[in-house]
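In what follows, a structure is listed as structure tokens, so that the remarks can point back to it.
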Amino acid sequence: MSPDRAFEAQAFNEQLPGGRSSGQLAVDATRLHFNGGGQTVDLPLDGLQLSLGGASDRLIFLTHPAEPGWQLYTSDQALLTHPALADHPAVQRLRRHRSKRRLLGWGSLAAVLALILLLPLAIYLSLDGLSAVVARRLPADWEQSLGDTAIKQFRVQKTFMPDKAAEALLQPLVAPLVAQAGSRYRYHFHVINDPSLNAFALPGGEVVIHSGLILKAASPDQLQGVLAHEISHVTEQHGLRSVIKSVGVYAVAQALIGDASGLIAAVAGAAPMLINQKYSRDFEREADRAGFDLLTRAQINPAGLIGFFGAIREEERKQLKQLGDADAQSAARGAMAYLGTHPDTDERIATLRARLAKLPTNAWRDDRAAFAALKAQVQQFVSTTTTKDDDESGNPRQ
């Protein structure tokens, strides 16, 4: 930079027209020289005081004790790099201040960018926990309507046992569980004609039980163990939370700050996926734990749930034996749909047995009479439905 360069500047002094004036500021080896408004003033470099001000510290203010009535300022930051001011203590202090502000500015910008980039990632990685927080903010009646919509769509796919008959037969078996499950939901239990060992629950308390599960269960507490597990999916809102996790980070973030409209709109169309959705292993483990606790509160022997998992394990072994050699079995085990979406059955049995061993001796409920009545009616329902289907199709029963 040329030492002879002049800087545009402003001055305040009572001798100036209106008390202020623009002018030119020049620097030499010993002084600052201002000329403007018909007035001049020299400020020695020795003892010169400099400070920053204005928006974002864009202005450099200059004063000197020898000229107390004068204050100069310039917006030309190049003044601080003038050779005559290079070693000036006040200028060095301002340079350090500017450098620190720049670092803070870049640091703040980096923090904002990191927040913009990392917040969605943090929300994504925490979706299990955050989905629980968001789910609790949604009204229970809205959750019920979601389950109602899903069950209506499912009715066109399967043959349901008449609801009144099913509810009456199941009521003695499920009433102790419902009484201990809390009052947030109104539970409805349905029986469908399906030979598989399965049951599932929908948000709001709709629970569907396959006829094959009822007929295969060896005792009432086995069936009740499965139902406690499914009721726990409802109370822990696993179906709703799974849907919330699938709608995207943005909708979850909006709901967390109080605007659930986008989330509700996205979830409202998710009824079809609720029927066939698979829960995560963590959700299944959580339902196992909560279901075990629900059974003990209802005075139903939780050994029944362990017995059901034992039956599942036997079914798995039968399927694997049909695959032939050990290598094929090993490969199939990793590919089986049930094992792909649930914790390992042996792991679940071992975990529940460890918890059962810690329970004190208890007098568990005896619901064998109600269970026998249910099995008889479900067997009749399956036989009647199968005969009707055969008659309508024209194919003989196998």
Side-chain angles (χ1 to χ4, degrees), residues 128-129 132 173-174 176-177 180-181 196-201 207 209-210 212-239 241-242 277-323 325-368 371:
D128 270 355
L173 298 165
V174 302
L177 296 170
Q180 297 297 324
S196 59
L197 305 184
N198 198 16
F200 63 88
V207 180
I209 313 163
H210 290 201
L213 171 63
I214 296 172
L215 298 177
K216 181 69 175 180
S219 62
D221 52 24
Q222 282 194 9
L223 174 62
Q224 289 165 314
V226 176
L227 296 182
H229 177 93
E230 296 304 327
I231 289 172
S232 296
H233 279 312
V234 176
T235 58
E236 301 303 318
Q237 299 180 293
H238 289 157
R241 288 166 62 184
S242 295
Q277 73 174 341
K278 307 295 185 183
Y279 293 126
S280 69
R281 286 184 172 88
D282 286 341
F283 279 178
E284 291 293 345
R285 292 186 181 101
E286 191 172 29
D288 285 350
R289 291 191 296 269
F292 186 99
D293 293 338
L294 178 58
L295 289 166
T296 57
R297 292 198 304 273
Q299 295 184 309
I300 297 172
N301 192 347
L305 181 57
I306 300 173
F308 171 75
F309 285 145
I312 288 291
R313 182 173 58 185
E314 290 306 312
E315 288 296 320
E316 293 170 359
R317 288 174 176 171
K318 288 179 182 178
Q319 293 180 36
L320 290 172
K321 283 181 179 179
Q322 295 173 0
L323 296 173
D325 61 69
D327 290 339
Q329 292 182 25
S330 177
R333 181 176 293 277
M336 287 176 65
Y338 188 90
L339 292 178
T341 56
H342 291 68
D344 181 77
T345 306
D346 287 335
E347 171 201 326
R348 301 174 85 175
I349 291 173
T351 300
L352 293 173
R353 279 179 175 168
R355 294 196 65 188
L356 183 65
K358 297 177 181 178
L359 289 180
T361 303
N362 203 344
W364 305 111
R365 290 178 57 89
D366 184 354
D367 292 312
R368 285 177 291 181
F371 180 61

* To do: Compare all side-chain heavy atoms of E347 with those of R285 and state whether any distance is below 4.5 angstrom.
  => yes
* Note, F200 side chain near H210 side chain (heavy atom, < 4.5 Å) -> yes
* Minimum heavy-atom distance between L213 and A199, given as atom pair plus value -> CD2-CB, 3.8 Å
* Asked: Got a salt bridge between R317 and E314, using NZ or NE/NH1/NH2 to carboxylate O under 4.0 Å?
  -> yes
* Step by step, would you call R241 with F283 a side chain to side chain contact (heavy atoms under 4.5 Å, CB included)? -> CA-CA 10 Å; R241 288 166 62 184; F283 279 178; 3.4 Å; yes
* Asked: Do you know which two heavy atoms are closest between D288 and L352, and how far apart they sit?
  -> O-CD2, 4.1 Å
* Nearest-0.5 Å distance that lies between atom CD1 in I312 and atom CZ in F308 -> 3.5 Å
* Can you list the steps and then say if V174 with V207 is a side chain to side chain contact (heavy atoms under 4.5 Å, CB included)? -> CA-CA 11 Å; V174 302; V207 180; over 6 Å; no
* Which heavy atom of S232 sits nearest a heavy atom of L294, and at what distance? -> OG-CD2, 4.5 Å
* Asked: Can you name the closest pair of heavy atoms from P302 and T296 and give their distance?
  -> CG-CG2, 4.0 Å
* Calculate, to the nearest 0.5 Å, the distance between atoms CG and CG belonging to N301 and N362 respectively. => 8.5 Å
* To do: Supply the atom-to-atom distance E286 CD to R289 CZ, rounded to the nearest 0.5 angstrom.
  => 6.0 Å
* Shortest non-hydrogen separation from I214 to F371 and the atoms involved -> O-CZ, 4.0 Å
* Asked: Taking only residues two or more places apart in sequence or in another chain, which ones pass salt bridge (charged side-chain N to carboxylate O under 4.0 Å, His left out) with R297?
  -> none
* Structure fact -> To the nearest 0.5 Å, atom CD1 of I300 lies from atom CD of Q222 at 13.0 Å
* Asked: When you check the side-chain N and O atoms of D221 and S219, is any donor under 3.5 Å from an acceptor?
  -> yes
* **Exercise: identify the closest heavy-atom pair between P176 and A298** => O-CB, 3.5 Å
* L173 versus P220: any side-chain heavy-atom pair under 4.5 Å? -> yes
* To do: Compare all side-chain heavy atoms of W364 with those of L295 and state whether any distance is below 4.5 angstrom.
  => no
* Structure fact -> When rounded to the nearest 0.5 Å, the distance separating CZ of F309 from NE2 of H229 is 5.5 Å
* Starting at CD1 of I231, measure out to CD of Q180 and round the result to the nearest 0.5 Å. => 11.0 Å
* To do: List for me each residue that meets salt bridge (charged side-chain N to carboxylate O under 4.0 Å, His left out) alongside R313, sequence neighbours excluded, and say none if there are none.
  => D346
* To do: Taking salt bridge (charged side-chain N to carboxylate O under 4.0 Å, His left out) as the test, write out the residues that go with R355, two or more places apart.
  => D293
* Asked: Parallel, tilted or perpendicular: which describes the rings of H233 and H238, with under 30° parallel and over 60° perpendicular?
  -> perpendicular
